[in-house]
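Take a look at the structure below.
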Amino acid sequence: MKKLLLAGVVAISCSVPVFADEAVQPVQPGPCPIERCQKPGPEFAHPERMHRPPCFDMKKFEDELNLTDKQKEQAKAIREKQMEAAKPIFEQLKQKEKEAWELRQQLRELRVQNKKEFESILTDKQLKKLETLKQERKAEFAKRHKAGMHKRPPVKCECNCGCNKK
């Protein structure tokens, strides 16, 4: 029994950044959290939420471990302490993700510029041939990648947001 409790405390303390704000923010009815997690924008508003399992229920987890009220309070204190220590790291991560996004934008602009320069040295006949080659490659790609084949398999959502996603 002690090993089980110790394993639960270790699991909670290791996953603090993932579950830290569960008690603070109740689940609101609305769009499924899976959809929010799959669409991180360039600003990365909540990097601490990016790897959270979409339907984690802290109360259910505590009940399954059969934690006492004292253990629940101790676990909450451990999570809060770790979250405070993790805040500066999250800020660094957010900044680095923003920098990486900006660098990717610069690469895209460089590619567009390179493409324009390359096309400027081609003759009209070569430009037409290039366009034909592009269309052929697009058709080959579409043939190899049937609609939806590149997407992730559906995830069964057991959240209590009312979305009933499967």
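The residues of the chain are indexed from 1 along the displayed sequence.
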Original post:
Which is it for D63 and K72 under the side chain to side chain contact (heavy atoms under 4.5 Å, CB included) test, yes or no, and what are the steps along the way?
Top reply: CA-CA 10 Å; D63 290 343; K72 290 176 185 178; 3.9 Å; yes
Subject >> Test side chain to side chain contact (heavy atoms under 4.5 Å, CB included) applied to Q95 and F90, step by step >> reply: CA-CA 9 Å; Q95 183 61 35; F90 283 135; over 6 Å; no
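Contact check for M58 versus R79: side-chain heavy atoms found under the 4.5 Å cut-off.
Q135 CD to L130 CG: the interatomic distance, rounded to the nearest 0.5 Å, is 10.5 Å. Here the straight-line distance linking atom CG of L93 with atom CD of E91 works out to 9.5 Å at 0.5 Å rounding. Taking CD of E64 as the start and CZ of F61 as the end, the distance is 8.0 Å to the nearest 0.5 Å.
L103 shares a hydrophobic cluster with no other residue; no ILVMFWY side chain has heavy atoms under 4.5 Å from its own. If you chain together ILVMFWY residues whose side-chain heavy atoms come under 4.5 Å of each other, I89 ends up in a group of its own. F141 belongs to no multi-residue hydrophobic cluster, having no ILVMFWY side-chain contact under 4.5 Å with any other such residue.
Listed by chain and number, the residues in a salt bridge (charged side-chain N to carboxylate O under 4.0 Å, His left out) with E84 are K87 (sequence neighbours excluded). Listed by chain and residue number, R108 satisfy the side-chain hydrogen bond (donor to acceptor under 3.5 Å, both in side chains) test with Q105 (two or more places apart in sequence, or in another chain).
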Tell me which donor-acceptor pairs under 3.5 Å the side chains of residues 113-126 have, and how far apart each pair is, sequence neighbours excluded?
{"from": "Q113", "atom 1": "NE2", "to": "E117", "atom 2": "OE2", "distance (Å)": "3.4"}
{"from": "E119", "atom 1": "OE2", "to": "K134", "atom 2": "NZ", "distance (Å)": "3.3"}
{"from": "S120", "atom 1": "OG", "to": "E117", "atom 2": "O", "distance (Å)": "2.5"}
{"from": "T123", "atom 1": "OG1", "to": "Q126", "atom 2": "N", "distance (Å)": "3.2"}
{"from": "T123", "atom 1": "OG1", "to": "Q126", "atom 2": "OE1", "distance (Å)": "3.3"}
{"from": "Q126", "atom 1": "OE1", "to": "T123", "atom 2": "N", "distance (Å)": "2.8"}

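Between the side chain of Q71 and the main chain of T68, a donor-acceptor pair closer than 3.5 Å is present.
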